[in-house]
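First the proteins, then the strands, lettered A, B, ... as listed; each starts at 1.
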Amino acid sequence: MKAYITRFAPSPTGYLHLGSARTALINYIISSQNSYSKFFLRIEDTDKLRSKEKYKRNIIEGLKWLGIQWESEIQIQSKRIDRHIEIANKLLKDKFAYKCNCSIEKLNKKREEIKNKKLKIKKVCTTCKNNQKIQTLNSNYVIRIKIPEIGSTTIKDNVQGKITINNQEIDDYILIREDGSPTYMLSVVVDDHDLNVNYIIRGDDHLNNTFRQLFIYKYLNWNIPEYSHLSLIYGEDGSKLSKRHGAVNILELKQKGYLREAIINNLILLGWSPNPNGNEIISIKEIVEKFDIKEISKSSSIFNYKKLNFFNNYYLRIPSNKKIFEDFCKTNNIMKKYYIKDKVKLLKIFEVYKKNLSSFDEIIDFIDVYYNKNYTYSTNQKFDKIFDNYFYDFVAKLNLLNDWNTEKIEKVIKNFIIEKKIKFVTLGKPIRFILINSINGPSISEIFTILGKKVSIERLNQYIIE
RNA sequence: GACCCCUUCGUCUAUCGGUUAGGACACCAGGUUUUCAUCCUGGAAAGAGGAGUUCGAUUCUCCUAGGGGUCGCCA
């Protein structure tokens, strides 16, 4: 198996979201498939205006949380500007690039003209490269790459297949801005080359850039990496995944109580299917064993939260993940209080409710009633006469029980209904209501256990038969 | 608009010319149950449209329609 050097290169202009996490994940998986491969993280922070430290931190933290590990220290693109400029100058010297001093207005006019005349060309500056005066300029110019006007360029992409476009479709894009700073198009190529990246896996919004970037590799005689352009994932309304689709920020999902296993399981199944017949639960270990990027679908897919919830429910029910629930409680502002007050009780409640949860935070809706010292039974509820007839008797029986656990309580209840020849619901429903003010919920023996004997009897005594 | 890509149940997908078009989530129904749920069983649900190629097309080709990506001194 080939040794791949892969990388994830986000720009810190937004949070790590599901789409970029998927790209990072796939890079990581590929590089995990053998011990010779490597995976780097590079922060592409050359857009000083939009890059934010908080986004950078969010991306790093999000990746760490997902368990995506990178090689050595994080690469910072802005620290390598001198090297980028050096390469641009080399290109310039070798006549693969040229200086251009066209004004923005002039360029816009040219673009307008191309549009109006329905021309297929993309090169907006056609004169500067032949103008000796401009080529000897010392300031107020940009450096553009020289792309041939004839011929075509082909890329072989592991996901998208073989794609060819005409060179006239490729613009003489800018390498160095007027202020002397390198553009993304230059920086990625130089950084990838210097890191020995030989496999680029990114979103297919970069597909067009590949044709452009290829020329830098060619002009410098650098090895061209392998490519895989992943189709993007969308929100349920078909539009790009964004804020209004819910918590697309990975760390927000963590805060809500989603597990990394669920997110990874869900993400990897978009466009890929390891097990055509049977369930779709797959561990990261199995993914690394089975994943083949050539099997991934070209078509884009829609992210479905209901499926994420299914996976999350599956993973949060696994006993060994109980400690993740504890971590959640320790960091969640609401849960913290309950956790400190009575950890054992909290874990008991979790055990009883977990089959109903899509994410840990959903337990918040159920929990307070078990901790509320000032609990009062909602008195407007009326029950069956039969229940009223046996109620005091039942409380008395329960009161006799000293060994207060689910099993014993259940026994008392069973014996009682047999003795009195009544149906379980006749007793169970009202009791549940008296205890937690809700008809629905866990079995009453569980509720008794969670509340403890003293509180249970106290709450039952709040019910007064009229 | 130009260039490129995509199109199987609501959603994610399987099928590498011949299948009752399979699975997962969601949905619906029945069963178990101490209510809700869990769990079990079952059900409904798909090849965008049109031409070709072929004995035979979901599968190959072309056209149309729909969707997406790109078209910056952003990355």
Side-chain angles (χ1 to χ4, degrees), chain A residues 9-14 44-47 49-51 77 100 102 104 107-108 111 114-116 118-122 124 141-144 157 159-161 163-166 168-171 173-185 187-188 202-209 211-212 229 231-234 236 238-240 266 269-281 297-311 313 317 352-357 410 413-414 417 423-433 438-446:
Chain A
S11 62
T13 54
E44 309 216 316
D45 57 344
T46 48
D47 184 349
L49 237 59
R50 293 192 303 149
S51 293
Q77 189 156 66
C100 160
C102 295
I104 305 255
L107 294 173
N108 284 341
R111 286 194 185 100
I114 290 172
K115 205 174 166 185
N116 291 339
K118 295 184 178 177
L119 299 173
K120 290 190 178 185
I121 58 166
K122 277 283 153 60
V124 283
Y141 63 84
V142 299
I143 298 179
R144 289 183 182 277
D157 188 282
V159 174
Q160 305 293 334
I163 303 167
T164 302
I165 69 163
N166 290 326
Q168 61 176 1
E169 294 280 346
I170 307 171
D171 64 324
Y173 59 89
I174 291 172
L175 263 13
I176 300 288
R177 301 185 187 96
E178 196 169 344
D179 66 2
S181 64
T183 62
Y184 159 81
M185 216 59 74
S187 301
V188 249
R202 55 189 2 175
D204 75 355
D205 49 339
H206 281 292
L207 189 63
N208 282 272
N209 288 338
F211 291 99
R212 314 211 267 171
H229 285 91
S231 293
L232 270 24
I233 57 182
Y234 295 88
E236 281 171 63
S239 68
K240 259 191 176 173
N266 196 176
L269 255 29
L270 297 175
W272 184 66
S273 152
N275 185 14
N277 297 300
N279 77 55
E280 296 187 322
I281 300 292
S297 168
K298 266 194 205 188
S299 54
S300 56
S301 46
I302 290 170
F303 188 83
N304 184 234
Y305 273 95
K306 284 187 174 170
K307 194 144 187 177
L308 207 220
N309 286 340
F310 161 77
F311 284 121
N313 175 262
R317 288 165 74 166
V352 171
Y353 278 93
K354 67 179 182 183
K355 61 180 182 300
N356 300 316
L357 305 176
E410 211 162 303
I413 297 169
K414 285 227 169 98
I417 60 168
K423 276 192 188 166
F424 193 95
V425 271
T426 316
L427 184 72
K429 272 202 172 185
I431 294 283
R432 181 180 299 107
F433 203 94
S438 166
I439 299 261
N440 300 328
S443 75
I444 56 170
S445 46
E446 301 271 25

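Dashed line: the shortest gap from a side-chain N or O of A/T46 to OP1 or OP2 of B/rA75 is under 4.0 Å. Close to B/rC3, at under 4.0 Å from its OP1 or OP2, lies a side-chain N or O of A/K120.
Rounded to a whole Å, the CG atom of A/N279 is 11 Å from the P atom of B/rC40. Atom P of nucleotide B/rA75 and atom CD of A/E44 are separated by 9 Å, given to the nearest angstrom. If you measure from atom CG of A/L269 to atom P of B/rU13, you get 9 Å, rounded to the nearest angstrom. Going from atom CD1 of A/I163 over to atom P of B/rC3 covers 15 Å, rounded to whole Å.
Distance check on atom C1': B/rG49 versus B/rA44 gives 25 Å, rounded to whole Å. Using atom C1' as the reference point in both B/rU32 and B/rG10, the two lie 30 Å apart (nearest Å). Using atom P as the reference point in both B/rC74 and B/rG67, the two lie 31 Å apart (nearest Å).
If you check B/rC3 for Watson-Crick or wobble pairing at under 3.5 angstrom, you find it paired to B/rG69. In this structure, B/rA57 makes no Watson-Crick or G-U wobble pair, since no nucleotide meets both defining distances under 3.5 angstrom.
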| query | Reading nucleotides 31-39 of chain B from the 5' end, what letters show protein touch, with B for base, S for backbone sugar-phosphate only, - for no heavy atom under 4.0 Å? | reply | ---BBBBS-
| Quick one: what's the B/S/- string for nucleotides 60-72 of chain B, heavy-atom cutoff under 4.0 Å, read 5' to 3'? | --------SBSSS
Between the protein and nucleotides 26-30 of chain B, which nitrogen or oxygen pairs come in under 3.5 angstrom?
none

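Contact of the A/K122 side chain with the A/Q168 side chain is not registered, since no non-hydrogen atoms from C-beta on lie closer than 4.5 Å.
Within the 4.0 angstrom heavy-atom criterion, no nucleotide atom of any strand lies near A/G203. Nucleic acid contact for A/L49: none, since no nucleic acid atom lies under 4.0 Å from a heavy atom of the residue.
Both A/R177 and A/I302 lie close to RNA chain B; mapped to their nearest nucleotides by heavy-atom distance, the more 5′-ward contact belongs to A/I302. Comparing A/M185 and A/F311 along RNA chain B, the residue whose closest nucleotide (by nearest heavy atom) sits nearer the 5' end is A/F311.
The nearest pair of heavy atoms linking A/R212 to A/Y173 is O-OH, 2.8 Å.
With hydrogens and angles ignored, a donor-acceptor pair closer than 3.5 Å exists between the side chain of A/E178 and the base of B/rC73.
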